[in-house]
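Reading through the structure tokens given below for one structure.
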Amino acid sequence: MTSLPEPRPGQKKLGLVIDLDICVGCQACATACKEWNTSGYVGPLPDFNPYGAGAWGVWLNRVHAFEEGDGEGARTVYFPKSCLHCEEPACVTVCPTGASYKRAEDGIVLVNEAICIGCKLCSWACPYGAREFDPDAGVMKKCTLCIDRIYNENLAEEDQLPACVMACPVNARHFGDLGDPDSEVSQMVAQRRGGDLMPELGYRPVNKYLPPRAGRMAPRPSVHDRGEPPDDTPPGERLLRWVDRLLSR
């Protein structure tokens, strides 16, 4: 079985921080991921029967939708999911060939397709459903944090980000070093009390989720209920507030 790199002080831990409070489920992250990776490091990412019933394919990033709350306080929460690049990844330790491995220099979990035998042990071990089997190539594939972008010196510095982060229109996705407590992403997690997905399992995901703000789920009392005078906010600003409430439900 494959071993994990020895932890060391100050180790870099590259990962994503995803704000569930403002994700609108637009699928831009999934589409950008598919587009970049189809011709990138892990490409191609095939699709099967794309225009018929039962269409399916290999996607490294997926967005799920859940309903939370009841009545006027209910809202739809969109939940993007990809590999979480765990500190204790079960997908790595069960791999019989060493194809699944975790990089010591930045914590990214990758698959060496040259020695992957497609046994699917990693997909069975991963509790987050982050592994994808490519039946065309007969190997497992997964999110790489766009390793071929973030270290690509031929790209402008502002473009050296994962494709999903670059594409997000509402800035719900952030990328950085979560091993550095002073980094922007680490500060964001601390301030918003971000956390792990299913922490009780003990895999210690590097990727973090920022929870929806509870206050935005509460029903808003009317002007008459509050005993306040009519709202004299300009119509344009009222429209923006309405759109915000609509997207927050």
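In this chain, residues are counted from 1 in sequence order.
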When you check the side-chain N and O atoms of Asp106 and Tyr151, is any donor under 3.5 Å from an acceptor? yes

With no hydrogens and no angle check, do the side chains of Asp148 and Trp36 hold a donor and an acceptor under 3.5 Å apart? yes

May I have the step-by-step check of salt bridge (Lys or Arg N to Asp or Glu O under 4.0 Å) for Lys208 and Asp196, ending in yes or no? CA-CA 5 Å; Lys208 307 297 179 188; Asp196 297 347; 2.4 Å; yes

Salt bridge or not between Arg75 and Glu68? Use side-chain N to carboxylate O under 4.0 Å. no

Does a side-chain heavy-atom distance below 4.5 Å link [X] with [Y]?
X	Y	value
Tyr128	Met198	yes
Val139	Val111	no
Leu110	Tyr101	yes
Leu60	Cys83	no
Tyr209	Leu84	yes
Arg192	Val17	no
Cys122	Cys95	no
Pro135	Phe48	yes

Check for me, please, whether [X] and [Y] land in the same ILVMFWY cluster - side-chain distances under 4.5 Å, paths through other members count.
X	Y	result
Ile115	Ile117	no
Val42	Ile108	yes
Tyr41	Leu45	yes
Ile18	Met188	no

Pairwise distance [atom1]([X]) to [atom2]([Y]) - rounded to 0.5 angstrom:
X	Y	atom1	atom2	value
Thr97	Asn112	OG1	CG	8.0 Å
Leu121	Ser100	CG	OG	9.5 Å
Ile147	Asn37	CD1	CG	11.5 Å
Leu16	Leu178	CG	CG	8.5 Å
Glu6	Leu4	CD	CG	9.0 Å

Heavy-atom pair of closest approach, residues [X] and [Y]:
X	Y	value
Lys142	Ala130	CB-O, 4.1 Å
Pro211	Gly194	CD-CA, 4.1 Å
Gly138	Phe133	C-CE1, 3.6 Å
Ser183	Ser186	OG-OG, 3.0 Å
Leu145	Ile150	O-CG2, 3.6 Å
Ser123	Met140	CB-CE, 3.7 Å

Around atom [atom1] of [X], are there more than 12 heavy atoms from other residues, nucleotides or ligands closer than 6.0 Å?
X	atom1	result
Gln187	CD	yes
Glu158	CD	yes
Glu105	CD	yes

Solution key, residues 160-177 side-chain donor-acceptor pairs under 3.5 Å, sequence neighbours excluded:
from	atom 1	to	atom 2	distance (Å)
Gln160	NE2	Asn152	O	3.1
Gln160	NE2	Leu155	O	3.1
His174	NE2	Asn171	O	3.1
Asp177	OD1	Lys13	N	2.8
Asp177	OD1	Gly179	N	2.8

Quick one: do Ser82 and Trp59 satisfy side chain to side chain contact (heavy atoms under 4.5 Å, CB included)? Show the steps, please. CA-CA 9 Å; Ser82 58; Trp59 293 74; over 6 Å; no

Checking Thr31 side chain against Ala28 main chain: does a donor-acceptor pair fall under 3.5 Å? no

Answer yes or no: is there a donor N or O on one side and an acceptor on the other, between the side chain of His85 and the main chain of Gly15, under 3.5 Å? no

Would you call the rings of Phe79 and Phe66 parallel, tilted or perpendicular if under 30° counts as parallel and over 60° as perpendicular? perpendicular

For side chain to side chain contact (heavy atoms under 4.5 Å, CB included), just list the numbers for Gln11 and Arg8, CA-CA rounded to whole Å, side-chain angles, deciding distance to a tenth of an Å, and then say yes or no. CA-CA 6 Å; Gln11 190 168 21; Arg8 56 179 185 267; 4.2 Å; yes

Verdict with supporting geometry, Cys91 and Val109, side chain to side chain contact (heavy atoms under 4.5 Å, CB included): CA-CA 9 Å; Cys91 60; Val109 177; 4.2 Å; yes

For the salt bridge (charged side-chain N to carboxylate O under 4.0 Å, His left out) test, which of Arg62, Lys81, Lys141 pairs with Glu132? Arg62

